[in-house]
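For the numbers below, each heavy atom of this structure counts, side chains included, while hydrogens, waters and symmetry mates do not. Sequence lines set the chain letters: A, B, ... in the order given, protein chains first and strands last, and positions in each chain run from 1.
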There are 2 protein chains.
Amino acid sequence: MHTFEKGEMAQKPATLKDVAAFANVSRATAARALNSYGYVGDETAQRVHEAAEKLGYRGNRLAQALRNGQLPIIGCILGDIQNPFFARIAHDIEVLARGNRYNLIIGSSEEELEQEVSLLASLQSLSIRGFIVAPTSDENNFHLVRLIEENVPLVLIDRVVQGIDCDSVAVDNEGGARKAIEYLIAMGHRRIGLLQDDTRIFTSRERLSGYQRALIAAGITPDDRMISISQSTVEHAIDATIRLFSQKIPPTALFTVDSLMTQGALLAFRSMGISIPHDVSLIGFDDFNLATFTDPQITVVAQPVSEIGLAAARLLFEKLSGPSRPPKQIRFETKLLVRGSVSRRTEG
Amino acid sequence: MHTFEKGEMAQKPATLKDVAAFANVSRATAARALNSYGYVGDETAQRVHEAAEKLGYRGNRLAQALRNGQLPIIGCILGDIQNPFFARIAHDIEVLARGNRYNLIIGSSEEELEQEVSLLASLQSLSIRGFIVAPTSDENNFHLVRLIEENVPLVLIDRVVQGIDCDSVAVDNEGGARKAIEYLIAMGHRRIGLLQDDTRIFTSRERLSGYQRALIAAGITPDDRMISISQSTVEHAIDATIRLFSQKIPPTALFTVDSLMTQGALLAFRSMGISIPHDVSLIGFDDFNLATFTDPQITVVAQPVSEIGLAAARLLFEKLSGPSRPPKQIRFETKLLVRGSVSRRTEG
DNA sequence: AATGCGTGTGAGATCGATCTCACATTGTCT
DNA sequence: AGACAATGTGAGATCGATCTCACACGCATT
């Protein structure tokens with residue numbers, strides 16, 4: 001704990017030079033004492049430490065970073081912090097970063113490639129080495145390729161990019177989607193709708209693939225009229241759901257690819273007077289706090305959110321401080337949490 | 001847009017020196033051309049710009065910062081990014097910061113004073129000037145006082161601190177709470193419970209005060225048995241609610257001071273078999289997505305969340321770039337959103 | 001006495017961008 | 001012709017921390 005004496009307060013922060021002068025040694029010696037390397041006399045070291053304490057010396061991380069070429073900051077580029085999924089991940093990364101005396105810069109790409117590129121460039125010009133990115137696009141990833149070629153530690157989360165060989169942490173999207181659809185099929189559903197966001201997005205494509213495979217495996221031909229695409233916001237999802245269920249022969253069940261879309265579907269059903277699970281069954285990808293507050297509670301495919309950020313941060317710090325090693329690709333399993341939003345369908 | 005030619009990729013970023021050498025001028029001239037100040041010949045400037053373009057010069061913000069004493073980064077210390085209230089604010093600040101070519105560092109104080117202090121110190125040693133803080137404590141604010149004395153731009157959000165004269169953005173907590181309680185009283189309730197978090201926290205105290213005043217104004221004596229205190233998490237709120245409603249004479253209505261506690265109360269009522277609004281009426285402070293998904297929908301005191309972050313960021317940039325001006329204290333009004341969780345009480 | 005090593009210290013270069021100062025040119029005015 | 005501005009440019013200092021190098025001194029070994 002520090003004490004601040006009056007009159008000392010408005011001072012500029014003490015520099016190493018100040019400390020050295022106060023302890024009557026050179027800057028070099030002061031640095032040696034404070035960072036404990038090289039030879040320093042015991043008594044001298046003592047004097048330097050006292051001086052540093054006295055002056056409240058904290059060091060200028062900027063100058064340090066300029067010298068050694070990197071700033072102890074992790075750059076984190078996510079889709080949107082407002083998505084609870086990313087918020088949780090960001091929080092976990094921050095905690096782990098703090099433990100390693102790193103700070104965390106968070107940027108939102110808002111799912112725009114251009115924004116992702118410019119954010120990354122901006123952070124690189126800050127000499128930040130060490131990024132955790134949820135890549136927006138699967139193509140045009142020269143900016144990520146460049147990072148890797150420059151040997152900048154990089155961990156991708158939530159989404160994996162083809163042809164980029166680097167650490168990544170994601171979940172088994174296809175398997176998760178397949179489990180959901182298989183369950184719906186087992187409950188007697190055959191006309192199963194899919195509410196999906198931009199196919200540019202990796203997770204969305206994988207979940208679509210799981211959806212299709214499960215149908216085909218059960219001998220059901222995928223039908224484009226059962227699929228509705230919208231942006232991943234509650235509002236857009238409402239419209240897309242309404243479109244899907246205004247057809248002459250609507251689906252008897254719906255699978256939504258993320259929690260915002262699940263919420264949209266819920267609202268759409270309410271406004272259309274469609275009741276769950278009586279009129280339609282629903283499964284969402286990604287658990288969310290609301291899912292257990294509704295009546296009935298919503299069956300979801302849950303991801304181990306708490307492990308994703310943690311794993312990503314661990315991988316990153318391994319790269320930052322450990323020796324070079326081949327990239328690791330982590331995939332977590334998902335879990336189907338059966339609650340009350342799916343009912344058995346007896347007739348077709 | 002840049003193009004990256006092969007073989008050029010793994011290079012270290014180009015420095016001003018490189019650009020100068022390439023354009024056959026001194027570093028000083030190159031700097032003048034790129035930052036357009038002082039006298040530079042037209043043709044020389046042209047050459048420098050071409051060289052910069054060619055080499056992909058981006059400048060080292062670290063070196064710039066070291067020189068001019070500050071980094072174009074805003075430090076943002078919040079209670080927790082996982083709280084949607086703060087997530088929204090962080091998002092809005094980030095957008096505005098990006099517009100001003102600033103980046104945003106987010107730190108979680110986790111409502112620990114010590115953590116807030118150490119985060120702030122860490123960010124200051126990065127030469128960051130410009131903070132937006134949701135202060136944890138009302139006392140022991142020497143760290144904030146020091147910032148102000150050092151003339152570091154600071155904006156407090158959500159909470160105001162006594163005796164600190166600086167910009168702040170908050171809402172009318174007392175008025176909001178009063179409106180809620182007055183409405184409950186008007187609906188015939190007299191035994192009104194309060195579910196509150198740590199009284200250390202500013203907003204909590206103000207909301208308590210509004211609660212008490214409304215009661216007194218209506219001639220009802222505040223009763224400590226109607227108040228339950230817990231940490232602001234869903235789990236703690238559940239326990240606190242159960243305690244409150246296990247009394248012989250439980251409240252007929254409950255007012256919760258934030259959205260996490262409202263959720264906790266909701267879960268507690270469900271587990272106790274207490275139905276809303278039949279058995280008990282409920283009003284929460286702070287609107288949240290879940291509030292309209294429950295049946296009945298929850299009546300809340302809504303804050304203009306989207307304006308808080310915006311206003312805070314605006315104030316901060318005024319201070320960062322504009323001339324000195326007296327501190328501004330902004331207080332937004334709250335709005336009672338009447339939905340379905342309050343019923344009229346006929347007998348006492 | 002000469003050489004060598006272990007220990008302790010300081011002067012100065014370095015990281016990259018910027019800014020002050022001094023020095024050139026040119027042109028213009030008495 | 002001489003003086004003085006306006007214009008253009010470069011050398012070097014600066015920000016703060018760190019690291020290399022060189023130089024001390026003492027003590028032990030040949």
Quiz item: When the distance from CD of Gln46(A) to P of dT9(C) is rounded to whole Å, what number comes out?
Solution: 13 Å
Practice problem: Would you mind telling me which of dG16(C), dC19(D), dT9(D) lies closest to the side-chain atoms of Arg67(B)? | Solution: dG16(C)
Quiz item: Do the side-chain N or O atoms of Thr15(A) get closer than 4.0 angstrom to the phosphate oxygens (OP1, OP2) of dG16(D)?
Solution: no
Practice problem: Identify which nucleotide among dG10(D), dT18(D), dG16(D) has an atom closest to any side-chain atom of Leu66(B), counting heavy atoms from C-beta outward. | Solution: dG16(D)
Self-check item: Whole angstrom value for the distance that separates P of dC19(D) from CG of Asn68(A)
Solution: 8 Å
Self-check item: Tyr57(A) vs dG16(D): side-chain N/O to OP1/OP2 distance below 4.0 Å
Solution: no
Self-check item: Atom-to-atom span, CG of Asp18(A) to P of dG16(D) - whole angstrom
Solution: 8 Å
Quiz item: Does Gln64(A) put a side-chain nitrogen or oxygen below 4.0 Å from OP1 or OP2 of dG16(D)?
Solution: no
Self-check item: Interatomic distance, Asn60(B) CG vs dT14(C) P [rounded to whole Å]
Solution: 17 Å
Practice problem: Only pairs at least two apart or in different chains count here, so list each salt bridge (charged side-chain N to carboxylate O under 4.0 Å, His left out) that has a residue in residues 17-42 of chain A. | Solution: none
Quiz item: How about Arg325(A): does its CZ atom have over 12 heavy atoms from other parts shown lying under 6.0 Å from it?
Solution: yes
Quiz item: Which pair of non-hydrogen atoms, one from Ala97(B) and one from Ile74(B), has the smallest distance, and what is that distance?
Solution: CB-CD1, 4.1 Å
Exercise. Choose from dA17(D), dT9(D), dA17(C) the nucleotide whose nearest atom is closest to any side-chain atom of Thr44(B).
Key: dT9(D)
Exercise. Starting at atom CG of Asn24(A), determine the distance to atom P of dG8(C), rounded to an integer number of angstrom.
Key: 18 Å
Quiz item: Applying the side chain to side chain contact (heavy atoms under 4.5 Å, CB included) test to Arg98(A), which of Asn100(A), Val95(A), Leu96(A) qualifies?
Solution: Val95(A)
Self-check item: Nearest-angstrom distance from the residue atom CG of Leu71(A) to P of dG16(D)
Solution: 17 Å
Quiz item: With no hydrogens and no angle check, is any side-chain donor or acceptor of Arg200(B) less than 3.5 Å from a backbone partner on Glu111(B)?
Solution: yes
Quiz item: Over how many whole Å does the gap from Glu43(A) atom CD to dG8(C) atom P extend?
Solution: 12 Å
Self-check item: Options dA17(D), dT9(D), dT9(C), nucleotide nearest the side-chain atoms of Thr29(B)
Solution: dT9(D)
Practice problem: Kindly point out which of dG10(D), dG10(C), dA17(C) is positioned nearest to the side chain of Arg27(B)? | Solution: dA17(C)
Quiz item: DNA chain C: Asp42(A) or Ala28(A), which has the more 5' nearest nucleotide?
Solution: Asp42(A)
Quiz item: Does the pair Lys54(B)/Glu50(B) count as a salt bridge with the N-to-O cut at 4.0 Å?
Solution: no
Quiz item: So which heavy atom on Lys328(B) is nearest to which on Asp167(B), and how close?
Solution: N-OD1, 2.8 Å
Practice problem: Specify the separation, in whole Å, of atom CD of Gln70(B) and atom C1' of dG16(D). | Solution: 17 Å
Quiz item: Does any residue of residues 30-39 of chain A have a heavy atom under 4.0 Å from DNA chain C, and if so, which ones, in number order?
Solution: Arg32(A), Tyr39(A)
